[in-house]
Amino acid sequence: MDYSTNFSKSTSKKKVVAVVGGGLVGALNACYFAKRGFQVEVFESREDIRQAKIVKGRSINLALSHRGRQALKQVGMEDTIVSKGIPMHSRMIHSLNGTQYPIPYGKKGQVTLLLQPAETYSNTKLNFAHKLLNWSTETGAMTFLRADGAKEEIQADLIVGCDGAFSAIRKQFLRQSRFNFSQTYIPHGYLELTMPPINGEFAMKPNYLHIWPRNTFMMIALPNLDKTFTCTLFMPFDEFENVTTGDQVIEFFQKYFPDAIPLIGADALKRDYFRLPAQAMVSVKCSPYHLSDKCVLMGDAAHAVVPFYGQGMNAGFEDCLVFNEIMDQLNEDFSAVLPEYTRVRVPDDHAIADLAMYNYVEMRSHVNSKWFLFRKYIDNFLHIIMPRTIIPLYTMVTFTRTRYHEAVKRWHWQDKVRNDIVHSSLYKVLLRTTAFAEIFSKARSEKGN
Ligand SMILES: Cc1cc2nc3c(=O)[nH]c(=O)nc-3n(C[C@H](O)[C@H](O)[C@H](O)COP(=O)(O)OP(=O)(O)OC[C@H]3O[C@@H](n4cnc5c(N)ncnc54)[C@H](O)[C@@H]3O)c2cc1C
Ligand SMILES: NC(=O)C1=CN([C@@H]2O[C@H](COP(=O)(O)OP(=O)(O)OC[C@H]3O[C@@H](n4cnc5c(N)ncnc54)[C@H](OP(=O)(O)O)[C@@H]3O)[C@@H](O)[C@H]2O)C=CC1
Ligand SMILES: Nc1ccccc1C(=O)C[C@H](N)C(=O)O
């Protein structure tokens, strides 16, 4: 049997907002709209994760930083979430010879927190097992498939597409004139492994993001509350395809990550490496993010980014915050708010998509370079003496709400300034050394005469 519900004819004085996708961004968005008094209906294709016996899905830990925290703060969720996190102060680099050294993220007190994403909080109606099949851009009517196989047709005043990287809401945008869309799969995949606790304690120092940078690929490890680490191996698919047996896995780890073998356990490694195939990573850019005053995209639905900056969820949370700020400025008038949101947010989300691509190279390769470490040292030093003029890129992205596209601009400018300083200092040192050498040789020749 099929059903039809017209929520927008509700007697509620506020409009009805349908949030499609009850993931991280959908759940937070529901709180924002509910706080404003809208009638919020969340439609999520999966069963209620809180009641599910088996929870499918992979990554269980996510780095939450300043932008995400600010967004949570607005709806009073920051403290609850942050109290469940593990602070990370630095990267910890694992060299091939087994030595480890930290690279701090910022000043003392600037830390990234891990969030165990799970419970969605909401004072709105959650409709689980409602998978959006289609929706009409003319009427706004959405068709959902329910768990019992029935189709349900639903209308709302505003549709908020938070249905992830492969958004069904976004599919209708593709049919609109002047809608820009690009999707890029990078040639690398990822595979997750678990490093168990040793004698009830973390197997490695917990307050770090551990990196094994091997130039063309890398493994990272992030701590979990249960004292395990989730290790993620990022590597070209071709390389994954070369490792097909348990013995080859051990051989590969002996060659590139020898210190990780006893920590993960050789048997577990041989087994878990083949548990799931390597997963693909995609970067999606599009614009505009809205369709008339009816529909808007947020989170991965608007901008799936590769995971290397640890900013995907943070950017999605910031989308909600920015939208909320614009709602304040424009008195909740959707016909004005939606285009303004597109205008403000597109350049920033596109910038973080590019930065995420860049950070993979920094993490897997640049951190091995002495010149990179020297420049980072100079940047941190300049930041200490000129905190408002020079702000390292990582600090701007992770510990401030500087707009992503402005952070990129400023980064290029600062790079130039720093390089000029370094080069002119080197030049001065060179000049002085040459002058000194000349005086010295002149003095020697005069003495000889
Ligand atoms: C390996 C990895 C590590 C990452 N680490 C970090 C990190 O440390 N920090 C960080 O900030 N980000 C990180 N990210 C990115 C982060 O996971 C995503 O940005 C975030 O999950 C996006 O949230 P979302 O709510 O937009 O989308 P999703 O979390 O994908 O939620 C979308 C929801 O919509 C539902 N849905 C989909 N289709 C439909 C439909 N047709 N009808 C109804 N519902 C539907 C889905 O079931 C899902 O619940 C990482 C990503 C990966 C892959
Ligand atoms: N940027 C990136 O590279 C990545 C981003 N992520 C983000 O994290 C979120 C959560 O990850 P996770 O739980 O692992 O998500 P899933 O891989 O479980 O995907 C969620 C849903 O998206 C649909 N889907 C998955 N892969 C494809 C595809 N290639 N083409 C079309 N539809 C697809 C599936 O819908 P159906 O049931 O209809 O098949 C699936 O149920 C993702 O939705 C995404 O937003 C995750 C991995 C990589
Ligand atoms: N959470 C992640 C998931 C996957 C890959 C990287 C991250 C990071 O957080 C990287 C961190 N921002 C860094 O630059 O060291």
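We count residues from 1, following the sequence as given.
- More than 12 heavy atoms of other residues, nucleotides or ligands lie within 6.0 Å of CZ in F179, so this atom counts as buried by the packing criterion.
- Using a 4.5 Å cut-off on side-chain heavy atoms (C-beta onward), E318 and Q311 make no contact.
- Residues passing the side-chain hydrogen bond (donor to acceptor under 3.5 Å, both in side chains) test with N242, sequence neighbours excluded: none.
- Only one option out of D354, D348, D300 pairs with K285 in a salt bridge (charged side-chain N to carboxylate O under 4.0 Å, His left out); it is D354.
- Residue E192 comes nearest to T232 through the heavy atom pair CG-OG1, 3.9 Å, listed as atom of the first residue, atom of the second, then distance.
- Between the side chains of R410 and Q414, at least one donor N or O lies within less than 3.5 Å of an accepting N or O.
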Without placing hydrogens or testing angles, list every side-chain donor-acceptor pair under 3.5 Å for residues 21-32, not counting sequence neighbours.
unit_1: Y32; atom_1: OH; unit_2: A71; atom_2: O; d: 2.6

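- Contact of the L355 side chain with the L393 side chain is registered, since non-hydrogen atoms from C-beta on lie closer than 4.5 Å.
- Here the two rings, on F334 and F38, have centers that are under 6.0 Å apart.
- Heavy-atom contacts from other residues, nucleotides or ligands closer than 6.0 Å to CZ of F381 number 12 or fewer.
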Throw together a table of side-chain donor-acceptor distances under 3.5 angstrom for residues 203-210, partners on residues two or more places apart or in other chains.
unit_1: N207; atom_1: ND2; unit_2: P87; atom_2: O; d: 2.8
unit_1: H210; atom_1: ND1; unit_2: H94; atom_2: NE2; d: 2.7
unit_1: H210; atom_1: NE2; unit_2: K205; atom_2: O; d: 2.6

Under 3.5 Å, side-chain donor or acceptor atoms of residues 244-256 against the rest of the protein: list the pairs with distances, not counting sequence neighbours.
unit_1: T244; atom_1: OG1; unit_2: Q248; atom_2: OE1; d: 3.0
unit_1: T245; atom_1: OG1; unit_2: Q248; atom_2: N; d: 3.1
unit_1: Q248; atom_1: OE1; unit_2: T244; atom_2: N; d: 2.6
unit_1: Q248; atom_1: OE1; unit_2: T245; atom_2: N; d: 3.2

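- Among residues two or more places apart in sequence or in another chain, the ring pair (Phe, Tyr, Trp, His ring centres under 6.0 Å) test is passed with Y360 by H188, F308.
- Centroid-to-centroid, the aromatic rings of F323 and F33 come within less than 6.0 Å.
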Please table the atom pairs, donor to acceptor, closer than 3.5 Å between any side-chain atom in residues 264-272 and protein atoms at least two apart or in another chain.
none

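- No side-chain heavy atom of L276 sits less than 4.5 Å from a side-chain heavy atom of L191.
- Counting heavy atoms from C-beta outward, W413 and K416 have side chains that stay 4.5 Å or more apart.
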